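Worksheet for the structure shown next.
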Amino acid sequence: MDVTRPLTRRDVARSMAASAASLTFPSPSLAQSATGVVVIGGGFGGASCARALRRIDPKLGITLVEPNRSFSACPFSNEVIAGLRSQDRQQFTYDRIAAEGIAVVAQAAIRIDPQSRTVGLADGGTLAYDRLVLAPGIDFRFDALPGYDEAASTRMPHAWKAGAQTMLLRRQLEAMDDGGVVVLAVPAAPLRCPPAPYERASLIAHYLKARKPRSKIIILDAKDGFSQQRLFESAWKELYPGMIERVALSQGGRVTSVDPSTNTIVTDFGDYVAGVANVIPPQKAGRIAEIAGAADHTGWCPIDPVSFASKLVPNIHVIGDACIAGQIPKSASAAHAQASACAAAVANLIAGKSPEMPRLNGACYNTVAPGYAFSLSGIYQPRDGQFIEVESTTSPVDAPRDVREREARDAENWFRTITVDAFG
Ligand SMILES: Cc1cc2nc3c(=O)[nH]c(=O)nc-3n(C[C@H](O)[C@H](O)[C@H](O)COP(=O)(O)OP(=O)(O)OC[C@H]3O[C@@H](n4cnc5c(N)ncnc54)[C@H](O)[C@@H]3O)c2cc1C
């Protein structure tokens with residue numbers, strides 16, 4: 001295995017010249033990356049992986065490629081939508097990562113050549129790698145739901161990538177008349193954070209109950225069952241009676257098209273005209289994974305669960321929402337756990353050793369009202385080429401209120417810990 005091929009002087013010079021204006025960290029660090037790992041995507045997976053690699057090997061050249069100057073976190077963005085939290089608390093910069101000697105290149109990766117092991121950047125620069133970690137999160141299948149494209153998302157926000165979309169949905173809720181109907185369209189699995197649509201419906205209900213009590217929420221769902229369903233439904237009965245109506249797949253809940261000009265959402269069983277339409281479209285791995293050849297016909301990236309190596313392209317590892325790996329969910333918690341295990345595997349491979357068998361912990365908290373949350377946690381291990389869940393714990397359905405309060409505090413602590421670990 002060639003793990004020592006250096007960036008050529010031409011590569012470095014071209015990349016530095018092209019990227020100089022956009023480098024968050026000054027150029028010397030890029031020159032230090034004479035051999036090493038390039039990580040694409042500075043979200044929960046990529047940022048955590050870059051930092052874990054730095055901790056494992058202080059001498060390894062590590063480059064993090066991310067076009068945005070700061071990261072907008074999705075966990076707790078439903079609280080922002082419901083007016084319970086400010087968007088500022090969701091933003092994280094890359095300054096700390098850069099200060100640790102990781103070259104942060106503020107560019108989008110637009111090309112990957114697995115033969116020459118190079119990454120092409122939007123500004124024309126090129127980076128060479130020994131190993132590449134792809135952590136680009138998700139993109140939307142704008143061809144999968146007739147009527148819904150990027151332009152439609154400015155009228156019918158998905159808010160499934162955080163930031164501007166989160167704020168758009170919040171403003172639409174604030175502008176809606178009392179008595180208006182919020183329609184939330186949920187796609188079939190696999191999707192980013194499977195319980196988050198129901199957390200969102202809960203927190204929107206909390207907002208409407210206080211501000212627009214004649215309003216209601218309709219969830220049009222392309223699934224019959226969903227994660228932590230009994231817990232959500234019992235909380236809805238207790239906190240928001242009569243406010244949330246869910247139409248499951250077998251009741252005609254699958255959305256077949258939308259019309260943004262009239263805010264209409266169409267199913268096989270009827271049309272819904274929304275006061276606010278929150279349309280979460282079907283998803284796939286971030287586009288760069290497809291460009292790299294790492295995504296298969298499903299749109300997701302199959303990996304070896306021990307090393308996170310792509311099953312399709314050599315020297316590329318895929319983590320986070322973009323990979324498909326058996327039972328492990330698409331969550332920040334899972335992306336973060338995969339990041340540490342992937343960093344260890346990559347460091348071992350570079351040192352000529354075999355990767356160790358990972359054991360990943362994932363915890364997912366759902367907040368249905370301030371001070372009221374429940375959780376699902378699991379442990380995942382590779383078996384027969386896939387991750388399988390070997391242990392799982394869910395909050396009890398009939399827990400007293402102080403348990404829900406404690407879980408709400410645990411959720412805040414979880415978010416603090418994971419964001420400090422990813423962004424410093
Ligand atoms: C409403 C909502 C609530 C959620 N709540 C929770 C929760 O409570 N707990 C939980 O565990 N998970 C939660 N999640 C899920 C969580 O946000 C994702 O699973 C997680 O962000 C996945 O991490 P990732 O690194 O794969 O992708 P991301 O965190 O999305 O990061 C991907 C990064 O890659 C960058 N990128 C993409 N393409 C390129 C390119 N070509 N070049 C360079 N960079 C690129 C992007 O700009 C982005 O910064 C929630 C999601 C939503 C939508």
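Small disclaimer: the values here were computed from a predicted structure and weren't measured. As the structure lists them, so they are numbered: ligands from 1, and atoms in each ligand from 1.
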>> For the residue pair Gln90 / Ser72, report whether a side-chain donor-acceptor contact shorter than 3.5 Å exists.
In response: no

> Non-hydrogen atoms of Gly286 versus ligand 1: any pair closer than 4.0 Å?
Replying inline: no

> Is it the side chain (CB and beyond), the backbone, both or neither of Ile418 that lies under 4.0 Å from ligand 1, heavy atoms counted?
Replying inline: neither

> With a 4.0 Å cut-off on heavy atoms, does Ala135 reach ligand 1?
Replying inline: yes

> If we ignore angles and hydrogens, is there a donor and acceptor under 3.5 Å between the side chains of Asp139 and Gln283?
Replying inline: no

> Looking at atom 10 (C) of ligand 1, what's its closest protein heavy atom, distance included?
Replying inline: Ala332 N, 3.4 Å

>> Please check whether Ser77 reaches ligand 1 - meaning an N/O of the residue sits under 3.5 Å from an N/O of the ligand, judged on distance alone.
In response: no

> Is Ser333 close to ligand 1, meaning an N/O of one under 3.5 Å from an N/O of the other?
Replying inline: yes

> Considering Ala47, Pro67, Ala108, which one's heavy-atom position lies nearest to atom 45 (C) of ligand 1?
Replying inline: Pro67

>> Arg192 versus ligand 1: do any nitrogen or oxygen atoms come within less than 3.5 Å of each other?
In response: yes

> What protein heavy atom sits nearest atom 38 (N) of ligand 1, and how far away is it?
Replying inline: Pro136 CB, 3.8 Å

> Ion pair present between Asp221 and Arg246, side-chain N to carboxylate O less than 4.0 angstrom?
Replying inline: yes

> Name the one of Asn315, Ile316, Leu53 that satisfies side chain to side chain contact (heavy atoms under 4.5 Å, CB included) with Arg131?
Replying inline: Asn315

> How are the rings of Phe232 and Trp236 set relative to one another: parallel (under 30°), tilted (30 to 60°) or perpendicular (over 60°)?
Replying inline: tilted

> Heavy-atom contact under 4.0 Å between Trp414 and ligand 1?
Replying inline: yes

> Taking Tyr372 as the fixed residue, which of Glu407, Glu405, His206, Glu238 is the one that meets the side chain to side chain donor-acceptor pair (under 3.5 Å) rule?
Replying inline: Glu238

> Taking the six-membered ring for Trp, are Tyr148 and His158 parallel (under 30°), tilted (30 to 60°) or perpendicular (over 60°)?
Replying inline: perpendicular

> Could an N or O of ligand 1 be found under 3.5 Å from any N or O of Gly45, whether backbone or side chain?
Replying inline: yes

>> Suppose we measure from atom 17 (O) of ligand 1 to each protein heavy atom; which comes out shortest, and what is that distance?
In response: Cys74 CB, 3.2 Å

> Are Pro190 and Trp300 side-chain neighbours, meaning at least one heavy-atom pair lies under 4.5 Å?
Replying inline: yes

>> Given Pro194, Gly42, Ala337, Cys193, identify the one with the heavy atom nearest to atom 14 (N) of ligand 1.
In response: Cys193

